[in-house]
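Since the structure is predicted, the reported quantities are computational estimates derived from the model, not experimental observations. Residue numbers start from 1 in every chain, and the chains themselves are labelled A, B, ... in the order their sequence lines are given, proteins ahead of strands.
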Amino acid sequence: MSRYRTHLSSELGPHLDGTKVIVAGWIHAKRDLGGKKFLLLRDKDGVMQIVIDREQKDLAEAFYTLSLESTISVVGRVRADSRAPGGFEVVPSSIVIHSLAKAPLPIDVSGKVPADIDTRFRERVLDLRRDEGRATFKILSIALRAIREELYNMGFIEIFTPKIVAAATEGGAALFPVAYFGREAYLAQSPQLYKELLAGAFERVFEIAPAWRAEESDTPYHLSEFISVDIEMAFTNYEGVMNVLERVVARVVKDVRELAGRELKLLNHELQEVKLPIKRIKYSDAVRVLAESGEKIELGEDLSTPHLKKLSELIEEDVYFIVDWPDKARPFYTMPKEDGVFSESFDFVWNYLEIASGSTRVHRKELLVKRLEERGLNPENFSFFLKWFDYGMPPHAGWGMGLARLGVMLTGAKNVRELTAFPRDKKRLVP
RNA sequence: GCCGCGGUAGUAUAGCCCGGCCUAGUAUGCGGGCCUGUCGAGCCCGUGACCCGGGUUCAAAUCCCGGCCGCGGCGCCA
């Protein structure tokens with residue numbers, strides 16, 4: 001056929017009564033009442049009803065042939081009818097079958113029968129056709145667009161850093177090795193060092209790209225491959241980039257609330273408006289508040305998930321920054337405070353989930369070398385990075401944000417995998 | 001990696017504690033039938049399952065041991 005469709009379901013309505021249309025999609029449901037047969041045809045925007053009368057022998061035959069999730073195009077006319085969902089239906093003159101789906105389906109797409117998360121990811125493409133899947137990824141896409149627009153508005157440009165790297169950028173997290181023409185190479189765990197170098201050329205840069213970590217982490221909030229939203233900004237400090245972050249987050253939430261009300265309702269998620277400025281709580285105050293509430297915690301310790309859960313209850317905030325982390329707990333490129341104990345750093349937290357973290361970066365070479373050595377790292381391995389600090393590196397700061405984690409905040413999902421089409425973790429390499 | 005819970009038709013579940021009445025129930029899907037307005041359509045008939053191995057017992061889906069797999073919590077992870 002020369003044309004698969006003339007209209008999407010969202011473009012149809014009773015007002016098009018009598019109009020000849022071609023619609024296309026998946027068989028969402030079939031209802032056979034004998035004399036009347038109803039096909040529910042689903043496309044990216046919704047579901048529309050096709051009515052077949054007993055007298056239409058060819059169409060009735062097609063009706064019986066079609067299995068759930070088969071793809072078809074329907075040539076027909078719109079008919080306004082108050083009995084039909086949405087007040088209209090399509091009366092077909094012909095049905096073209098593009099692809100017949102095998103039956104029974106491995107999972108129920110229509111949403112009547114639930115499936116375990118493991119089953120759902122095994123059958124991910126069918127799973128994504130469900131209302132929840134389409135709603136989730138629509139929201140995530142709105143978020144991505146909002147992030148980009150807001151950053152562009154603030155004068156950032158979008159850049160790309162290499163994903164095959166020679167050395168661990170920061171020590172710590174484990175890396176996936178790559179066979180690289182006989183040399184030792186790895187998948188990048190973070191764009192950190194390269195985005196700093198690019199801020200040294202363009203001042204304001206951002207990147208939205210995958211990063212890889214070969215960690216043992218087995219939680220609903222960790223993946224081996226994840227999308228990281230990173231910015232780096234020259235001539236500012238961590239306060240400056242926190243302001244950028246909260247503006248981005250507020251804009252994302254605003255857009256999602258405005259453009260995806262239907263999807264939020266479907267996901268049964270109440271996304272609260274983000275009011276600026278977002279609360280900043282010092283790490284040392286957070287520890288003190290927790291200790292006073294009876295939590296076992298000492299200054300210098302990282303905050304665990306249970307700690308963060310407790311903290312958000314205690315301070316009665318859904319979203320907040322924890323600022324001025326102990327310097328020891330932060331990577332070499334983080335700027336220490338003058339006291340030498342704390343650092344110009346922050347985490348952005350939603351409830352108990354760390355969504356982003358950032359800091360002022362060290363822009364003086366001597367200090368970087370010293371900090372590498374203090375952490376037992378060899379500065380020579382970082383010469384590709386350090387070299388440029390001899391040629392006018394501006395003071396700068398930046399942050400990195402887990403896109404799927406932001407998505408958890410936006411959708412209320414219980415697992416970052418829900419925000420990942422084909423998640424990669426310790427157990428999953430396919431699909 | 002540790003702790004907890006679990007593994008029953010394509011999918012989701014009941015049954016397990018207290019072994020026999022399980023010829024393993026239900027929903028959905030699938031096959032067939034009835035019905036001219038369904039909208040989670042309805043009604044009737046049919047179809048299809050106890051993770052693997054060992055043990056206890058007259059008898060194991062059910063109890064015990066081992067393994068594999070999954071989920072949750074924690075850990076690890078700037």
Side-chain angles (χ1 to χ4, degrees), chain A residues 27-40 47-56 60 64 67-69 79 81-89 91 101-123 126-127 130-131 168-175 189-190 192-193 211-224 226 228 230 302-307 309 322 325-335 343 345-347 352 354 356-359 361 371 375 377 398-400 402 414-415 417 425-428:
Chain A
I27 305 295
H28 189 66
K30 291 167 68 178
R31 298 197 188 103
D32 182 4
L33 278 70
K36 277 271 192 277
K37 301 176 203 314
F38 299 99
L39 270 182
L40 297 189
V47 175
M48 57 206 136
Q49 174 163 288
I50 316 294
V51 213
I52 297 168
D53 196 88
R54 174 182 275 160
E55 312 308 318
Q56 299 172 287
Y64 289 119
S67 47
L68 296 181
E69 293 306 307
R79 181 167 75 198
D81 191 322
S82 58
R83 293 171 299 182
F88 76 95
E89 58 200 5
V91 182
K102 219 163 102 180
L105 296 166
I107 59 169
D108 171 38
V109 176
S110 72
K112 275 180 279 193
V113 183
D116 290 337
I117 191 164
D118 190 43
T119 309
R120 289 179 37 228
F121 281 97
R122 188 186 73 211
E123 309 298 341
L126 287 174
D127 179 51
R130 293 165 66 247
D131 289 342
T169 47
E170 306 146 44
L175 304 176
Q189 66 174 140
S190 153
Q192 183 61 37
L193 304 184
W212 295 269
R213 293 185 188 174
E215 287 304 328
E216 292 299 308
S217 300
D218 187 8
T219 83
Y221 305 107
H222 290 81
L223 291 170
S224 329
F226 63 98
S228 184
D230 278 273
D302 200 2
L303 301 180
S304 65
T305 302
H307 286 149
K309 281 181 179 167
I322 301 175
W325 289 77
D327 183 42
K328 268 191 295 182
R330 293 275 155 162
F332 75 91
Y333 51 77
T334 308
M335 182 71 86
S343 61
S345 57
F346 64 91
D347 278 5
Y352 53 88
E354 179 196 320
S357 75
S359 66
R361 322 301 194 187
R371 290 174 64 81
R375 283 164 175 74
L377 297 165
W399 45 257
K414 298 209 161 29
N415 194 315
R417 288 161 183 77
D425 59 33
K426 256 183 105 180
K427 289 157 191 161
R428 273 171 267 261

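Among the heavy atoms of the strands, none lies under 4.0 Å from A:Asp302. Residue A:Leu68 is in sugar-phosphate contact alone, with no base atom involved, counting any heavy-atom pair closer than 4.0 Å across all strands shown. Heavy atoms of A:Ser304 sit under 4.0 angstrom from primed sugar atoms or phosphate atoms, though from no base atom. Contact annotation for A:Glu354: no contact, since no heavy-atom pair falls under 4.0 Å across all strands. If you check every strand for non-hydrogen atoms under 4.0 Å, A:Pro85 touches a base. Heavy atoms of A:Arg83 sit under 4.0 angstrom from at least one base atom. A:Ala29 comes within 4.0 angstrom of nothing in the nucleic acid, heavy atoms only.
Residues A:Arg79 and A:Gly358 each lie close to RNA chain B; by heavy-atom proximity, the contact nearer the 5' end of the strand is made by A:Arg79. Toward the 5′ end of RNA chain B lies the nearest nucleotide of A:Ala115, the other residue of the pair A:Val51 and A:Ala115 mapping further downstream.
Applying the side chain to side chain contact (heavy atoms under 4.5 Å, CB included) rule to A:Lys426 yields the partners A:Glu216; only residues at least two apart in sequence or on another chain are considered. Take A:Asp131 and apply the side chain to side chain contact (heavy atoms under 4.5 Å, CB included) test, not counting sequence neighbours, and it matches A:Arg134, A:Leu266. Qualifying side-chain hydrogen bond (donor to acceptor under 3.5 Å, both in side chains) partners for A:Lys36, counting only residues two or more places apart in sequence or in other chains: A:Asp53. Considering only residues two or more places apart in sequence or on other chains, A:Ser228 meets the side-chain hydrogen bond (donor to acceptor under 3.5 Å, both in side chains) condition with A:Asp230. In this structure A:Trp325 satisfies the ring pair (Phe, Tyr, Trp, His ring centres under 6.0 Å) test together with A:Tyr283, sequence neighbours excluded. For A:Arg54, there are no side chain to side chain contact (heavy atoms under 4.5 Å, CB included) partners two or more places apart in sequence or in a different chain. With sequence neighbours left out, A:Thr219 forms a side chain to side chain contact (heavy atoms under 4.5 Å, CB included) with A:Tyr221, A:His222.
Here B:U57 sits opposite no nucleotide as a Watson-Crick or G-U wobble pair (both hydrogen-bonding atom distances under 3.5 Å). The partner of B:U38, taking Watson-Crick or G-U wobble pairs whose two distances both stay under 3.5 Å, does not exist in any strand shown. Under the Watson-Crick or G-U wobble criterion, with both distances below 3.5 Å, B:G72 is paired with B:C3. Nucleotide B:G46 forms a pair with B:C30, judged by Watson-Crick or G-U wobble geometry with both contacts under 3.5 Å. When both pairing distances are held under 3.5 Å, B:A14 makes no Watson-Crick or G-U pair with any nucleotide shown. Under the Watson-Crick or G-U wobble criterion, with both distances below 3.5 Å, B:C21 has no partner in any strand shown.
Taking atom P on both nucleotides, B:G66 is separated from B:G40 by 50 Å, rounded to a whole Å. Spacing between B:G20 and B:U36 at atom P, rounded to whole Å, works out to 48 Å. If you take atom C1' in B:U62 and the same atom in B:C22, they sit 11 Å apart, rounded to whole Å. Comparing B:A60 with B:C21, their C1' atoms sit 15 Å apart, to the nearest whole Å. The separation of B:A12 from B:C71, taken at their P atoms, amounts to 12 Å, rounded to a whole angstrom. Comparing B:G10 with B:A49, their P atoms sit 7 Å apart, to the nearest whole Å. Remark: the separation of the C1' atoms in B:C58 and B:U11 is 38 Å, to the nearest Å. Taking the C1' atom of each, B:U47 and B:U23 are spaced 16 Å apart, rounded to whole Å.
One finds a side-chain N or O of A:Lys112 lying less than 4.0 angstrom from the OP1 or OP2 phosphate oxygen of B:G29. An OP1 or OP2 oxygen of B:C77 is reached within less than 4.0 angstrom by no side-chain nitrogen or oxygen of A:Arg213.
Residue A:Glu215 places no side-chain atom within donor-acceptor reach of the base of B:G75, judged by atom type and a 3.5 Å distance cut-off alone. For B:U38, the base has a donor-acceptor partner in the side chain of A:Gln49 [N/O atoms by modelled type, under 3.5 angstrom].
Atom CG of residue A:Leu303 and atom CD of residue A:Glu354 lie 9.5 Å apart, to the nearest 0.5 angstrom. To the nearest 0.5 Å, the span separating CZ on A:Arg417 from CZ on A:Arg120 amounts to 11.5 Å.
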Under 4.0 Å protein heavy-atom contacts per nucleotide of nucleotides 44-49 of chain B, with B for base, S for backbone only and - for none: ------
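In this structure, the CZ atom of A:Arg130 is 12 Å from the C1' atom of B:A12, given to the nearest Å. Distance, A:Arg122 CZ to B:A12 C1': 13 Å, rounded to whole Å. Atom NZ in A:Lys37 sits about 17 Å away from atom P in B:G42, given to the nearest Å. Atoms CE (A:Met48) and C1' (B:U38) sit 18 Å apart, rounded to a whole Å. Put simply, CZ on A:Phe38 is 14 Å from P on B:G42, counting in whole angstrom units. Rounded to whole angstrom, the span from the NZ atom of A:Lys30 across to the P atom of B:G32 amounts to 9 Å. Across the protein-nucleic acid pair, A:Asp81 atom CG and B:U38 atom P stand 11 Å apart, rounded to whole Å.
Set against B:C77, B:G37, B:U28, the side chain of A:Val113 has B:U28 as its closest nucleotide. For A:Thr119, the side-chain atoms get nearest to B:A12 when compared with the rest of B:C77, B:A12, B:G37. Distance from the side chain of A:Ile107 is smallest to B:U11 among B:U11, B:G37, B:C35. The side chain of A:Ser217 approaches B:C77 more closely than any other nucleotide in the set B:A12, B:G37, B:C77.
Here the side chains of A:Ser110 and A:Leu68 are not in contact, with every heavy-atom distance at 4.5 Å or above. A heavy-atom distance below 4.5 Å is not found between the side chains of A:Leu105 and A:Glu123. Using a 4.5 Å heavy-atom cutoff, the side chains of A:Asp116 and A:Arg122 are not in contact.
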Look for any protein N or O under 3.5 Å of an N or O in nucleotides 70-73 of chain B and output each such pair with its distance, or none.
{"unit_1": "B:C71", "atom_1": "OP1", "unit_2": "A:Arg428", "atom_2": "NH2", "d": "2.9"}
{"unit_1": "B:C71", "atom_1": "OP2", "unit_2": "A:Lys427", "atom_2": "NZ", "d": "3.2"}

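We find that A:Arg330 and A:Asp327 are not joined by a salt bridge, their nearest charged nitrogen and carboxylate oxygen being 4.0 Å or further apart.
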